[in-house]
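In the text below, chain A, chain B and the rest are named by the order of the sequence lines, each starting its count at 1. Quick caveat: nothing in here was measured; it's all calculated off a predicted structure.
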Protein chains: 2
Amino acid sequence: MDDQLSRVFSALADPIRRDMVARLAVGDATVNELAEPYSVTVQAVSKHLKVLEDAGLVSRSKQAQRRPVHLEAEVFDLMTKWIERYRQEAEQRYQRLDAVLAEMAQQTEETRVEGEAS
Amino acid sequence: MDDQLSRVFSALADPIRRDMVARLAVGDATVNELAEPYSVTVQAVSKHLKVLEDAGLVSRSKQAQRRPVHLEAEVFDLMTKWIERYRQEAEQRYQRLDAVLAEMAQQTEETRVEGEAS
DNA sequence: TCCTTACTCAACCTCTCGGTTGAACACACA
DNA sequence: TGTGTGTTCAACCGAGAGGTTGAGTAAGGA
């Protein structure tokens, strides 16, 4: 679990953390603001934010005693690239299989027609 | 960790499982074939496959005593949709911020020019 | 200066995860 | 029918995740 891709996927595997990302997509927020909707302690939320930060999904600045959290959009690209790559391969494979099946059907049809012609 | 999105992200958080997905994008494979490259037992690989299967990322059929594993491409859409949604929001927000900053710079410039004119 | 607010750190607990070994099951094949 | 092959199930173990409480730090405000 030391590469960034693992950290990003792992970070987003938690519903609370995905919810926080959704919240942060609307605008920056402080730790207390983020903690408000959930029934967990602020400390737990602070831990969740650390996970998101380590994954590069958010950044935390410093305004007086507040620590506004900001969503970093770039890291999402890392995931989409990975996903798209294998999805495309899998889909192409599926289409090739379709083509093979179609060809087999075609040949069977031809054989049948030839058989009828004789 | 009971919703599918959590299961999918969690499944792909493991490097071995991502590697298996990469392998399966090339073509179907049996458990033993999938286990071969890794230094873990076949049982551990079987467990990994169960995780991928529960997430809907792969399916297992039955050929004699073999269980060929097949990659299911559709589930990837679930992820890409989620990711794209928040990435777009975050990027739009970033662009709006850019616009606001540009406007502020413009106004400052105008004020400066007006100041110089008087 | 003292109090309050916003947050993090440290220690602890419980549950899950990824791994192991050993046994069981299902099927092909001699 | 027995034997080998491919796979899963069950029980266990150590490490880490996610939660708690309690204390510590840093800054604003009376």
**Asked** Does B:Q4 reach the side chain of B:V75, with side-chain heavy atoms less than 4.5 Å apart?
**Response** yes

Distances under 3.5 Å between protein N/O atoms and the N/O atoms of nucleotides 11-13 of chain C, please, pair by pair.
none

Side chains of A:N32 and A:E36, heavy atoms from C-beta outward: is any pair under 4.5 Å?
no

*asked:* In this structure, would A:V26 and A:V31 fall into the same cluster of hydrophobic residues linked by side-chain contacts under 4.5 Å?
replied: no

Counting only side-chain nitrogens and oxygens, does A:N32 get under 4.0 Å of the OP1 or OP2 atom of C:dC7?
yes

Side-chain N or O of A:T30 closer than 4.0 Å to phosphate OP1/OP2 of C:dA6: no

B:A55 and B:V8 have their tightest heavy-atom pair at O-CG2, 3.4 Å

By nearest-nucleotide position on DNA chain D, the 5'-leaning member of B:R60 and A:A44 is B:R60

Between CE of B:M20 and C1' of C:dG18 the distance, given in whole Å, is 12 Å

Whole-Å distance, B:Y38 OH to C:dT20 C1', equals 19 Å

- Parallel, tilted or perpendicular: ring planes of B:W82 versus A:F76, cut at 30 and 60 degrees: parallel

Considering only heavy side-chain atoms of B:I16, the closest of C:dG19, C:dC7, D:dT7 is C:dG19

Counting only side-chain nitrogens and oxygens, does B:R66 get under 4.0 Å of the OP1 or OP2 atom of C:dA28?
no

Between A:Y38 and A:M20, the two heavy atoms sitting closest are OH-N, 3.8 Å

Taken to the nearest whole Å, CG/B:D14 to P/D:dG16 is 14 Å

In this structure, CZ of A:R87 is separated from CG of B:L71 (nearest 0.5 Å) by 11.5 Å

d(B:I16 CD1, B:S39 OG) to nearest 0.5 Å is 7.0 Å

| message | Less than 4.0 angstrom between a side-chain N/O of B:T41 and OP1 or OP2 of C:dT20, yes or no? | response | yes

Rounded to whole Å, CZ of A:R7 lies from P of D:dG16 at a distance of 15 Å

Whole-Å distance, B:L49 CG to D:dT8 P, equals 7 Å

One should read off an interatomic distance between A:K81 NZ and A:L5 CG, to the nearest 0.5 angstrom, of 11.5 Å

Here the distance between atom C1' of D:dG6 and atom CG of B:L34, to the nearest Å, is 13 Å

Pairs under 3.5 angstrom, nitrogen or oxygen only, protein versus nucleotides 22-28 of chain D, please.
{"unit_1": "D:dG22", "atom_1": "O6", "unit_2": "A:Q43", "atom_2": "NE2", "d": "2.9"}
{"unit_1": "D:dG28", "atom_1": "O4'", "unit_2": "A:Q65", "atom_2": "NE2", "d": "3.4"}

In whole angstroms, the gap separating P of D:dT8 from CG of B:D54 amounts to 12 Å

Does a side-chain N or O from B:H48 land closer than 4.0 Å to OP1 or OP2 of C:dC17, or not? no

- Looking at B:S46, does any N or O in its side chain come under 4.0 Å of the phosphate oxygens OP1/OP2 on D:dT7? no

Atom NZ of A:K50 and atom C1' of D:dG18 are separated, to the nearest Å, by 15 Å

Short side-chain to backbone donor-acceptor contact, A:R67 and A:R60, under 3.5 Å
no

